[in-house]
Amino acid sequence: MNRRDWIKSFGASALPAAGREKAAVDVRIVRLQLRHTWTTTMASSEFRDTVHVTYRRDGITGRGEGAPIVRYGESAESARRALEALGPLAAEADPWRFRKLESEMDRLVAGEYAAKAALEIALWDWIGQKLGVPLYQYFGLDPEDAPVTTFSIGIDTPEMTRRKVREAEPFPVLKIKVGLANDEETIAAVRSETDKPLRVDANEGWKTKEEALEKIRWLETQGVEFIEQPLPAAMVEETRWLRERVRMPIFADEAVLRPEDIPRLASAYDGVNIKLDKCGGILPAWRMIEIARALGLKTMLGCMISSSVSVTAAAHLAPLVDYADLDGNLLIANDPYSGVRVDRGKLILPRRAGLGLVEAA
Ligand code: MG
């Protein structure tokens, strides 16, 4: 074989060829029922609607999910409309050129990252199954490196908070939602049940830097490891001021959506909470982890309330991060799938190909 033929044959076989037929992309909205009424500073709800995407090609079905975020002007309906525009593009595209597809999706539809995440995750699930490898393996990760996940306790009455803490007994670390008027009461209720390490999320609930300073100094006496989004996302300067006055690490959540948000936050926060729904899927989340680490920030993978589809997708990247808050599927009563499992807080990744999902019986 001469050099030209060699190069030609190599180029042709570098990746498995996609089937000639178009993929079938389907979208549906799934209503997830919460086990407990879920209250944060933003809202109180009994259910959450997420968008589910299937990507079928060559007899293989990839599944994806995105949880639209009201905070960023998204809804299940707006996500569905976005996917109606993006679906035909994904159906025609070569699935092995996923990097190009990501750019094309951003050109066609602005924002709507939960919708894009749903489609992107479905494509990754398909790729993993087509290659016959779990996604963590495709990414070169050791599933044993996945950190423990916290279990989240939404804002509630002291009595219900105590009950939720008892129900969360198998989890070694809890994440407590605060940011309303009853923060001290909430922490006291938690501490009446357990001395576990806590992580606290204020969801932008404290409105001045002085209020946040007072709250954090108090939390430093309560066995709290770190605080998430104490001040509104726009208050970057105030957060920098706050960070100079407290020992407790401060994580950004609402302030950080996409890779390009991280550099300007690096001197105001100690870490970032990365969510597939905020950034648009697995590949942008990977990019965020690397950028955050390069800037000296700690990394956490978080999730919205969603089924095992989205949570398992995030869990495949968990071996890369310092902290995990991947419990969205544990807060719902009607999960249509099982995937990642949790054993005393430790994330156990499925060994099956792709995301490794199994439909619920
Ligand atoms: Mg948060």
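Just follow the structure's listing: the first ligand is 1, and inside any ligand the first atom is 1. All values below come from the heavy atoms of this structure, side chains included, with hydrogens, waters and symmetry mates left out.
Its N, O or S atom nearest to the Mg ion (ligand 1) is what matters here, and for Asp201 that atom is OD2. Minimum-distance N/O/S atom of Asp253 relative to the Mg ion (ligand 1): OD2.
In summary, the aromatic rings of Phe139 and Trp124 are positioned with their centroids under 6.0 Å apart.
Residue Glu254 does not count as close to the Mg ion (ligand 1), with no N, O or S atom under 2.8 Å. The distance from the Mg ion (ligand 1) to the nearest N/O/S atom of Glu228 is under 2.8 Å.
Counting only heavy atoms from C-beta outward, the side chains of Trp126 and Asp58 approach each other to under 4.5 Å. Counting heavy atoms from C-beta on, the side chains of Thr39 and Asp156 never come closer than 4.5 Å.
Seen from the ring of Phe226, Arg199 does not count as a face-on cation partner, given the 6.0 Å and 45° thresholds.
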